Amino acid sequence: MPELPEVEIVKRSLSKITKKAKILDIKIKNKNLRYKVPKRIRKELVNEKIIKISRRSKYLIFHFKDKNLLVHLGMTGKIIIMKNKSKQLYKTSFYYNLNILPQHNHIYFVLNNGFNLIYNDVRRFGFFRFYKKTKLKDINFLKKLGIEPLSKDFNAKYFRINLKKRKKNIKNLLMDQTFISGLGNIYVNEVLFNSKIHPLRSCKKLNKNEIVSLILNIKKILKISILTGGSSIKDFKDASGKSGSFQQFFKVYGRQNKKCSRISCNSKVKKFFISGRSSFYCENCQI
DNA sequence: AGGCATGTTACAGG
DNA sequence: ACCTGTAACATGCC
């Protein structure tokens, strides 16, 4: 599910219902996520008020007084909002509608406002990390991250300055979270198509116009995706169960052998692998 | 049956 | 040091 826009959507839908909410209980059903879920979050966070939820790159941060909970959704992690003691919990239709299975509910947060937050993750690549009296800027996971693509500081100057030592192809550069953080495989494919740049082009050899085009398209695509509720590829739903619709606007991702999305172009979309990740491009439009 | 999947990390080799 | 590809993690879908 989650690249930057999807995480942003989850953050927004969670923020709406967690305002001033206090945690009454935490139930860890399965601690075996990517990293073992720290048992002490129960002791540390019960009775604590959620001050706010923020996002950095693809990470969610739950803020408490002097404490933070860092959450990464991995590939298939979801946070679902459910009414306390709701019978929905036992209804197959509920799970069917959300496209999840109850056996993958791993962690329950019981709030004092009548809602539960449920962490569900099929593949368990997501993780939770707990920090007490640690400043956000001292958290290793966050320290490593490159710039937020929607920030004003992500501009041609940033590109120029930070490109100096890099030799990667442009697709791998945009996937590199230490250069720019928040893009994943889907959005990188889309951005390169929209910018008419071949994914294997050396990042060093892009001209000024191409760099400007990349930056504009990155910002544009992320913003539109957020506005349309994220991409519901396979199964993305926001925390309250709503689907996004940005996947309707995919121009290359998943479109191998289909006609190029540009009306004036009759080429077919090609698929191949770059560093193990599927890559889609139009050989006519992307040079 | 086997390949592939939105993410990240470790490792080997260039 | 930096880069690339591969494998690993665990599960489900086509």
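No experiment lies behind these values; they were computed from the predicted model shown. Any value given below was found using the heavy atoms of this structure, including those in side chains, with hydrogens, waters and symmetry copies removed. Naming: A, B, ... by sequence-line order, numbering from 1 per chain.
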Tell me which nucleotide among [options] gets nearest to the side chain of [X].
X: A:Asn185; options: B:dT8, B:dG7, C:dT11; value: B:dG7
X: A:Arg124; options: B:dA5, B:dT8, C:dT11; value: C:dT11
X: A:Phe273; options: B:dA5, C:dC3, B:dT9; value: B:dA5
X: A:Arg166; options: C:dC3, B:dT8, C:dT4; value: C:dC3
X: A:Tyr253; options: C:dT4, B:dA5, B:dT9; value: B:dA5
X: A:His104; options: B:dT9, C:dT11, B:dC4; value: C:dT11
X: A:Met75; options: B:dA5, B:dT8, C:dG12; value: B:dA5

**Message:** Does the Lys NZ or Arg CZ of A:Arg40 fall within the cation-pi geometry relative to A:Phe130 - under 6.0 Å from the ring centre and within 45° of the axis?
**Reply:** no
For C:dA10, the nucleotide meeting Watson-Crick or G-U wobble distances (both under 3.5 Å) is none
P atoms of C:dG5 and B:dC4, separation to the nearest Å: 15 Å
P spacing across the pair B:dT8 / C:dG12, given as an integer number of angstrom: 22 Å
- Message: Please evaluate residues A:Phe141 and A:Phe127 with respect to the criterion ring-ring contact (aromatic ring centres under 6.0 Å, His included), reporting the C-alpha separation (whole Å), side-chain torsions for both, the decisive distance (0.1 Å), and the verdict.
- Response: CA-CA 11 Å; A:Phe141 291 96; A:Phe127 61 84; 5.0 Å; yes
task = Assess the side chains of A:Asp153 and A:Ser151: does a donor N or O sit below 3.5 Å from an acceptor N or O?
result = no
Would you check if there is a donor-acceptor pair between the side chains of A:Asn105 and A:Lys29 at a distance under 3.5 Å?
no
Does the side chain of [X] get closer than 4.0 angstrom to OP1 or OP2 of [N] through an N or O atom?
X: A:Ser275; N: C:dT4; value: no
X: A:Lys144; N: B:dT9; value: yes
X: A:Arg34; N: C:dA8; value: no
X: A:Asn172; N: C:dT4; value: yes
X: A:Lys58; N: B:dT8; value: yes
X: A:Lys271; N: B:dA5; value: yes
X: A:Asn32; N: C:dA10; value: no

Report task. Give A:Tyr187 one of three labels, base, sugar-phosphate or nothing, depending on what nucleic acid heavy atoms sit under 4.0 Å from its own. Result -> nothing
Taking for A:Asp176 and for A:Gly276 the nucleotide of DNA chain C with the nearest heavy atom, the one nearer the 5' end belongs to A:Asp176
Rounded to whole Å, the CZ-C1' distance (A:Phe141 to B:dG7) equals 13 Å
When rounded to whole Å, the CD1 to P distance for the pair A:Ile274 and C:dG5 reads 8 Å
Item checked: Flag if over 12 foreign heavy atoms under 6.0 Å of NZ, A:Lys258 -> no
Q. Under the criteria of a ring-centre distance below 5.5 Å and an interplanar angle below 30°, is A:Phe125 stacked with the base of B:dG7?
A. yes
